[in-house]
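Take a look at the structure set out below.
First the proteins, then the strands, lettered A, B, ... as listed; each starts at 1.
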Amino acid sequence: MPELPEVETIARKLEPELIGKTILDADLRWPRTLAMPSVKIFKQQIKGQKIREVTRRAKFFILHLSDFSLLIHLRMSGDLLIRNSTIRPEKHDRLILRLLSAPSSAQTAAEDGGLSSLVFNDTRKFGRVWLTSTPEEVLGRLGPEPLSREFTAQWLYNALGKRHRQLKPLLLDQTFLAGLGNIYTDEALHIAKLHPLVLSDSVTVEQARDLREAVRKVLKEGIRRNGASIDWVYRGGEFQNHFRVYDRAGKSCPVCSTEIKRIIVGQRSTHYCPKCQADAEVTHG
DNA sequence: CACGTCACCTGCGTGC
DNA sequence: TGCACGCAGGTGACGT
């Protein structure tokens, strides 16, 4: 499920439910969900930690605790939700953190007995969790945030020129730019009118500027629509109702009505409009 | 460094 | 119905 807008949506939604709560204990129902440290150390260290802040970096959800950072990556099918502690675990729950409300929030405590849980549910078991006091070790190699000030047209133009890769796989590379996934990459390339197979070092200054604007536009739109929900994973968003090309092979381009094509690039489904995103280098090269 | 392949997992839709 | 197959929003570890 989650690309940047989905993780951002979840973080914003959970923040008010989590801030100030104390983690009582952890129920690790699928141990391999834990990337580090060991199960034993994890259960010791997480106990009694207070949640100070809830943020996001790339596709990582970050809980800033008293003494550690808890990093959660949802990968393909992960989801995070708050549940009343009295409700029994569900089939694909991988990690459940029992939370205690802060003494000051007496109203909340009165409603739910003071006990709620943060549940990491992940059907396909690809998701991972890290508890660490040095989060840079996990996040350090990520590229810039597309919605940050450092992601300028000039930076993008320079960075594209240093590489010799097709745009689609390069934009999916989290060490190049952080947060894009298969949906938003296809959507951004369509908005920018760039073919997914265009080589990065052939992109002009103007095209780099358009691509930068397109990436930011589509990510903001995704966030504004609370992300995209497809199939059984992650309910709540509505961006899936506004896809221009993603998952629309055979349907018509919203700009020019040409039939949208689907190809495989780097083992990933790739959708584009052959007219809007025609490129001489690719089609005749 | 680029790029191909497989691996990690479960579940859903399709076609026979 | 059953069954095989292809597909899925991600990444990491290989080998060439």
(message) Can you measure L34(A) atom CG to dC8(B) atom C1' for me and round it to whole angstrom units?
(response) 17 Å
(message) My understanding is that only residues two or more places apart in sequence, or in another chain, count here; which of them pass salt bridge (Lys or Arg N to Asp or Glu O under 4.0 Å) with D210(A)?
(response) none
(request) Enter the distance from T123(A):OG1 to H92(A):NE2 here, rounded to the nearest 0.5 Å. (result) 4.5 Å
Let me check something: any side-chain donor-acceptor pairs from residues 26-38 of chain A under 3.5 Å, sequence neighbours excluded? List them with distances.
| residue | atom | partner | partner atom | Å |
| --- | --- | --- | --- | --- |
| D27(A) | OD2 | R29(A) | NH1 | 2.8 |
| T33(A) | OG1 | W30(A) | O | 3.1 |
| S38(A) | OG | I41(A) | N | 3.2 |

(request) Rounded off to whole Å, could you give me the CE-to-P distance for the M76(A) and dG10(C) pair? (result) 6 Å
(request) For the residue pair L24(A) and K47(A), establish whether any side-chain heavy-atom pair is separated by less than 4.5 Å. (result) no
(message) Who clusters with V245(A)? Use side-chain heavy atoms, under 4.5 angstrom, across I, L, V, M, F, W and Y, and order the result by chain and number.
(response) I260(A)
Contact list (N/O, under 3.5 angstrom) for nucleotides 11-14 of chain C vs protein:
| residue | atom | partner | partner atom | Å |
| --- | --- | --- | --- | --- |
| dT11(C) | OP1 | H73(A) | NE2 | 2.9 |
| dT11(C) | OP2 | K59(A) | NZ | 2.8 |

Could you list, one pair per line, each protein nitrogen or oxygen that sits under 3.5 Å from a nitrogen or oxygen of nucleotides 2-6 of chain B, together with the distance?
| residue | atom | partner | partner atom | Å |
| --- | --- | --- | --- | --- |
| dA2(B) | OP1 | R163(A) | NE | 3.0 |
| dA2(B) | OP2 | R163(A) | NH2 | 2.8 |
| dC3(B) | OP2 | R165(A) | NE | 3.4 |

(message) Near DNA chain C, counting only heavy atoms under 4.0 Å, which residues of residues 242-250 of chain A show up?
(response) Y246(A)
(request) Can you tell me the distance, in whole Å, between the CZ atom of R128(A) and the C1' atom of dA7(B)? (result) 12 Å
(message) Taking the C1' atom in each of dG9(C) and dG4(B), what is the distance between them to the nearest angstrom?
(response) 22 Å
(request) Among the candidates dG9(C), dT10(B), dC7(C), find the nucleotide nearest to the side-chain atoms of H92(A). (result) dT10(B)
(request) Identify whether the distance between the nearest side-chain nitrogen and carboxylate oxygen of K13(A) and E8(A) falls below 4.0 Å. (result) no
(request) Calculate the interatomic distance between R94(A) atom CZ and dC8(B) atom C1'; express it in whole Å. (result) 13 Å
(request) Would you kindly give the CZ-to-C1' distance between F126(A) and dA7(B), to the nearest whole Å? (result) 8 Å
(request) Just compare dC9(B), dG11(B), dG9(C) and give me whichever is closest to any side-chain atom of T123(A). (result) dG11(B)
(request) Using the P atoms only, state how far dC5(C) lies from dA7(B), rounded to an integer number of Å. (result) 16 Å
(request) In whole angstrom, give the distance that lies between atom CZ of F61(A) and atom C1' of dG9(C). (result) 18 Å
(message) If I pick the P atom on dT5(B) and the same atom on dG6(C), what distance separates them, to the nearest angstrom?
(response) 15 Å
(request) Using salt bridge (Lys or Arg N to Asp or Glu O under 4.0 Å) as the criterion, list what pairs up with R98(A), not counting sequence neighbours. (result) D25(A)
Just distance, no hydrogens or angles: give the donor-acceptor pairs under 3.5 Å from side chains in residues 151-171 of chain A, sequence neighbours left out.
| residue | atom | partner | partner atom | Å |
| --- | --- | --- | --- | --- |
| T152(A) | OG1 | W155(A) | N | 3.0 |
| Q154(A) | NE2 | N158(A) | OD1 | 3.3 |
| N158(A) | ND2 | Q154(A) | O | 3.4 |
| H164(A) | ND1 | D201(A) | OD1 | 3.2 |
| H164(A) | ND1 | D201(A) | OD2 | 2.8 |
| R165(A) | NH1 | D173(A) | OD2 | 3.3 |
| K168(A) | NZ | N182(A) | OD1 | 2.6 |
| K168(A) | NZ | D186(A) | OD1 | 2.8 |
| K168(A) | NZ | S269(A) | O | 3.1 |
| K168(A) | NZ | T270(A) | OG1 | 3.0 |

(request) Dot-bracket for DNA chain B, please, read 5' to 3', with Watson-Crick or G-U wobble pairs under 3.5 Å on both distances, ( ) within the strand, [ ] crossing, | other strand, . unpaired. (result) .|||||||.|||||||
(request) Could you measure between the two C1' atoms, the one in dT11(C) and the one in dC12(B), and give it in whole Å? (result) 23 Å
(request) Compute the centroid of each ring, for Y184(A) and then for F239(A), and state whether the two points are separated by less than 6.0 Å. (result) yes
(message) Salt bridge check, K251(A) against E259(A): does any charged N sit closer than 4.0 Å to a carboxylate O?
(response) no
(message) In this structure, how many angstroms lie between the P atom of dC9(B) and the CG atom of L74(A), rounded?
(response) 17 Å
(request) With heavy atoms under 4.0 Å as the rule, sort R141(A) into base, sugar-phosphate or nothing. (result) nothing
(message) Checking D67(A) now: which residues fulfil side-chain hydrogen bond (donor to acceptor under 3.5 Å, both in side chains) with it, not counting sequence neighbours?
(response) Q49(A)
(request) Check whether any side-chain N or O of E145(A) sits under 3.5 Å from a backbone N or O of A58(A) as a donor-acceptor pair, and report yes or no. (result) yes
(message) Could you work out, with side-chain hydrogen bond (donor to acceptor under 3.5 Å, both in side chains) as the rule, every residue matching R209(A), not counting sequence neighbours?
(response) none
(request) For this output row, return yes or no: ring centroids of Y272(A) and H195(A) closer than 6.0 angstrom. (result) yes
(request) Could you tell me whether R32(A) contacts a base, only the sugar-phosphate backbone, or nothing, with contacts defined as non-hydrogen atoms closer than 4.0 Å? (result) sugar-phosphate
(request) State which residues pass salt bridge (Lys or Arg N to Asp or Glu O under 4.0 Å) with E53(A); sequence neighbours excluded, sorted by chain then number. (result) none
(request) Specify the separation, in whole Å, of atom NE2 of H271(A) and atom P of dG9(C). (result) 8 Å
(message) OP1 or OP2 of dC8(B) versus the side-chain N and O atoms of K125(A): is any pair under 4.0 Å?
(response) no
